Structures are given as C-alpha cells and as structure tokens.
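Contents: one structure, followed by commentary.
Given the structure is predicted, the values throughout are model-derived calculations rather than measurements. We name chains A, B, ... by the order of the sequence lines, and we start the count at 1 in each one. We use all heavy atoms of the structure for the numbers below, so side chains are in, but hydrogens, waters and symmetry mates are not.
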Number of protein chains: 2
Amino acid sequence: MVHHMFDVIVEKMREHITLSDDDIALLSTCLEVRKTRKSQLLVEPPYPANAEFFVTKGCLRHYFLDENGVEHTTAFAIEGWWMTDLQSFFTGAPSKYHVEAMEEGEVIKLRKEGREELFTKIPALNIYFRILYQNAIISQNERILNVLSTTADERYLRFIKKYPALENRVPQYLIASYLGITPEFLSKVKTRIAAKKS
Amino acid sequence: MVHHMFDVIVEKMREHITLSDDDIALLSTCLEVRKTRKSQLLVEPPYPANAEFFVTKGCLRHYFLDENGVEHTTAFAIEGWWMTDLQSFFTGAPSKYHVEAMEEGEVIKLRKEGREELFTKIPALNIYFRILYQNAIISQNERILNVLSTTADERYLRFIKKYPALENRVPQYLIASYLGITPEFLSKVKTRIAAKKS
DNA sequence: AACGTCCAATGAACTATATTAAGTAAGCAT
DNA sequence: ATGCTTACTTAATATAGTTCATTGGACGTT
C-alpha cells in the first residue's frame, strides 16, 4: 500500500466501502490537487459546476448572491468534506451559487467525467456517493427545521456546538449570514448569551 | 403491455429510465396499495420509517412535533410524489418526523427490503431513485435559501406559485406552519397582498 | 508614525413577526 | 333549532430582528 497525497480521501471512502489497490490507482488518475487562495471562486455563476471539491486544507463557503447584492451563506465545508453547487452539478444548468475558498488551502477536484468513469469501473463508489447525498438530505432537513422552529439564539448555540472549529475561524458576519441574521443582531445575540452564562 | 394499478408509478419511472414488461412484473410484487383515511399516520415516531410512499390519490404531510407540542410542517406531497421520513428510512433510526395523510386517498407502499431487492434485480432503479434524491437536495436547498433570505409575503407568493394545487386544498394554518409563521400573521399577509393587487 | 481598510461592537430608531384576546362564520353533534 | 367546536380574521400590544451611524481595534501600506 503506497503512501500518497490522496490518503485522506481514500481513508474517508474506506469508512463506507472497501477499495483495492487497483481501485486506488484508478481513482488517483481522476483526482486533481488544487491549491486555493483566499477568496478564490471554485464555482462561479453562471458557469456550470463541473466538479466536486474535497477539502484537504482550508475552508470553503457556499453562498447565494441575491438581486440586492446581499450574500446568503448556505453552507461551510472544512477538511474532510465535499462541496460544490450540487444543483448545477446534477443538472448541468448554470450555477446560481458561489463556492469560495475562504483561506489559503488545498482541495482535491473530481470532475464530472472522471466521476462517471469511476462509477462504471468501481461500482462501490456509487454507494459512497449515495451515502454522501443521503447525509446531505438529512442535514438539510435538520437545517430547515432549525430555521423554521428556533430563535436566533438557539440557532447560534447549535451552530457553535455543531461546528466548534468554525466559530473562531470564520468571520462573524459570515456566521451571521449562515444563521440568516445581520451581523449586528448576532453581536446582540452573543452578548445576551454571555450574560446568561454568568 | 397489461394495464394495471401501478400504471401511474411506472409512468413516472419511465420519465427517467426504461423498464421491460418483466421488470414491471417484478416491481409489482414489491409494491402494496394502501387506502388512507384523514389524519392517518404513515410514519409515527418513534417507530422507524420502513417504507417509502408514493401518492396516487390524496395529500401527505411531513411534520415535526416539538417539545412544546407545536407542529412544524416541513413538506407536502400530492399525487405523483414520493414521501417518507428519509432521515429514519436511510439510517434505520427511530423516526422523528410524522408523515400523515391529510385526506382520504391512496398510496403505494415500497418497503425497504423490497426496494433493496429491486435495486439488485433492476439496476436502472438505482438511477431513478438517485435522481429522486438529487431533486430532494435541490428543492431543500431552495427552501433553505427562501426561508433565510425572504420575507413572509414573498414566501407565501412563491408557495402558491409553486404549489397552486395546494392553496385551496390545505388548511391555512398548515400553510402557515410550512412557511414558518403563525396563522394570524398569514392572514395579515394575505390581506396585505390582496390590497396591493388593487 | 500616519493613513486607509476591514471587521467587531454598540445604541437608537424602525419594521417584521409573535402573542394574546376577542369576534365571526361554518360544520357537526345533541 | 341549540350549542360546541374548529378554522379564520382583526386588532392591540410585545418581542425579535433590521438599518443606520458611530466607534475602536487589528492589520497592511506608504
């Protein structure tokens, strides 16, 4: 078993499926390593999202830019996570969401064609990605419920509980954007919560 | 080609994949027709959701019952749609969401085991369900964005545009629950919108 | 050191939505 | 018919969240 730069991703896959050395060799031919700079766009409307990105270092952000120029952050991705604009990636339609690298870092890029090729040559990968998408459904489901049924205070508390790594890594105004509130109100939320603790 | 009670579902599948007569015969053995009464629960916490339901007649509702006894409606399904608590169905964990028939009607039930069997015997079905779940991701994505970034007026307008069939079929307080507002406020929203039109 | 930029924090005034309470109209059991 | 319940409306008041203007700190540039 050769040690190489795709170890992290292979490890993740092996949590769900078994892969032979041959599989891994084939896999390697379809993956591309990309360095990211701060604020670099990996998916940029209206160009279709033609790849998925696996984060090995750094942090990505998925956001929508509305008609008024306001950004709505819909998801974050850190080390070990996949991200792209699935809507565009699945349908081939122009992307409506941006995917942006928030830090210098590194991602592994899997293009659509490479992915298709892998699906036919390594059928087990279908299972891996199916599980990935199932988990996406589940977590989006929870997010919808959260935003419908809980107050901003509660949402903030759950956010820092679920993504403790992000609290001090991501600027406040982006956390606010993810929570669906203004930065000013997030500030108020935080002081209110801090007051309660004492 | 024999005409039978599963026609609707086969038709839907054939929008995406091709099915032989043999496939359909096999499919039939895994599907069960169920009449629904008003307020009947198809998925009831904490019992795991062990099947998916395809609506042939009537209307289903997916909702969460919170600690305060308040129901939060997260989705509707009408004729031609599939529904279950995917979270529980995928993981096998106890269901946290209710799936309720809102009217007398009819659903076609596909159990987990039947579904697995079909996946191995009719591989193309993997594609059909993959597309189904992709669409679920896309529509949940939109819903999250909507509820985070738009006002209640806007959400109501989009709702009646997207689901015109539901506006007069579902009680107002359930639409309010779906929009994440109180019935009282929905009432205000509606009069406000009506006033604007004139 | 002086300057500009970016971000976090704060307070005041404002808007959107919730809560409570009361009234109305329709459906249904007695 | 009578009353009971359930869904919807309206209005008064309260709370959650926004907007705008200001301040101060951290950082990079000249």
Side-chain angles (χ1 to χ4, degrees), chain A residues 37-40 59 61 63 66-73 76 100-104 144-160 166-198, chain B residues 37-39 59 61 63 66-73 76 100 102-104 144-160 166-198:
Chain A
R37 316 178 301 280
K38 191 178 161 124
S39 301
Q40 180 184 349
C59 185
R61 181 178 149 242
Y63 70 91
D66 73 17
E67 324 78 50
N68 308 317
V70 180
E71 296 177 358
H72 303 274
T73 301
F76 295 111
E100 178 199 70
M102 301 169 59
E103 309 173 350
E104 284 192 20
I144 292 173
L145 184 61
N146 267 348
V147 75
L148 285 181
S149 70
T150 73
T151 168
D153 291 44
E154 183 66 22
R155 262 161 25 228
Y156 177 67
L157 287 172
R158 289 194 195 181
F159 175 80
I160 57 179
L166 287 180
E167 185 186 356
N168 296 310
R169 191 165 165 182
V170 173
Q172 297 296 314
Y173 68 92
L174 289 185
I175 295 181
S177 162
Y178 178 86
L179 297 176
I181 58 179
T182 59
E184 291 88 345
F185 191 59
L186 175 55
S187 178
K188 190 176 288 187
V189 164
K190 284 171 63 179
T191 61
R192 189 158 49 202
I193 287 173
K196 266 186 202 163
K197 279 190 186 163
S198 60
Chain B
R37 315 179 302 280
K38 191 178 163 120
S39 301
C59 185
R61 177 168 82 99
Y63 70 91
D66 74 17
E67 325 78 48
N68 308 317
V70 180
E71 296 177 358
H72 302 274
T73 300
F76 295 111
E100 178 199 71
M102 301 169 59
E103 308 173 350
E104 283 192 22
I144 291 173
L145 183 62
N146 267 347
V147 74
L148 284 180
S149 70
T150 72
T151 169
D153 292 42
E154 182 66 22
R155 256 150 45 218
Y156 177 67
L157 286 171
R158 290 194 195 182
F159 175 81
I160 58 179
L166 287 179
E167 186 185 356
N168 296 311
R169 189 165 167 183
V170 173
Q172 299 294 314
Y173 69 91
L174 289 185
I175 294 180
S177 162
Y178 179 86
L179 296 176
I181 58 180
T182 59
E184 291 88 346
F185 192 60
L186 175 55
S187 182
K188 187 176 288 188
V189 164
K190 283 172 61 180
T191 61
R192 189 159 50 203
I193 287 173
K196 265 186 202 161
K197 279 190 186 162
S198 59

Between side-chain atoms of residues 147-154 of chain B and protein atoms elsewhere (two or more places apart, or another chain), which donor-acceptor pairs fall under 3.5 Å?
residue, atom, partner, partner atom, Å
B/S149, OG, B/L145, O, 2.7
B/T150, OG1, B/N146, O, 2.8
B/D153, OD1, B/R192, NH2, 2.8
B/D153, OD2, B/R192, NE, 3.0
B/E154, OE2, B/R158, NE, 3.0
B/E154, OE2, B/R158, NH2, 3.3

Query raised in the report: What integer distance in Å separates A/E167:CD from C/dA8:C1'?
Result: 14 Å
Requested in this report: Determine to 10° how strongly the helix from C/dA1-D/dT30 to C/dT30-D/dA1 is bent, judged from the axes of its five-pair ends.
Outcome: 30°
Query raised in the report: What is the distance from CG of B/L148 to P of C/dT17, rounded to the nearest Å?
Result: 13 Å
Report summary line: Min and max contacting nt of DNA chain D in 5' to 3' order, chain B heavy atoms within under 4.0 angstrom, are D/dA7 to D/dT10
Query - Counterpart residues, side chain to side chain donor-acceptor pair (under 3.5 Å), relative to A/K38 (two or more places apart) - result: none
Report task. Grab the two heavy atoms, one from B/L186 and one from B/Q172, that are nearest each other, plus how far apart they are. Result -> CD2-O, 3.5 Å
Report task. Can you sort out the partners of B/N68 under side chain to side chain contact (heavy atoms under 4.5 Å, CB included), two or more places apart, ordered by chain and number? Result -> B/D66, B/V70
Report summary line: Taken in chain and number order and not counting sequence neighbours, the residues that satisfy side chain to side chain donor-acceptor pair (under 3.5 Å) with A/Y178 are A/R143
Query raised in the report: What pairs with B/E103 under side chain to side chain donor-acceptor pair (under 3.5 Å), at least two apart in sequence or on another chain?
Result: B/R169
Query raised in the report: Does A/R155 use its side chain to pair, donor to acceptor, with the backbone of A/L179 at less than 3.5 Å?
Result: yes
Query raised in the report: Is there side-chain contact between A/E167 and A/Y156, with heavy atoms separated by less than 4.5 Å?
Result: yes
Report task. Give the rounded distance in Å between these two atoms: CD of B/E154 and P of C/dA16. Result -> 13 Å
Requested in this report: Check the pair B/Y173 / B/E184 against side chain to side chain contact (heavy atoms under 4.5 Å, CB included), numbers first and verdict last.
Outcome: CA-CA 9 Å; B/Y173 69 91; B/E184 291 88 346; over 6 Å; no
Query raised in the report: Rounded to the Å, how far apart are B/Q172 CD and C/dA26 P?
Result: 16 Å
Query raised in the report: What parts of residues 175-188 of chain A reach DNA chain D, counting only heavy atoms under 4.0 Å away?
Result: A/G180, A/I181, A/T182, A/E184, A/F185, A/K188
**Report entry** Partner residues of B/T73 under the side chain to side chain donor-acceptor pair (under 3.5 Å) criterion, sequence neighbours left out
**Finding:** B/R61, B/S177
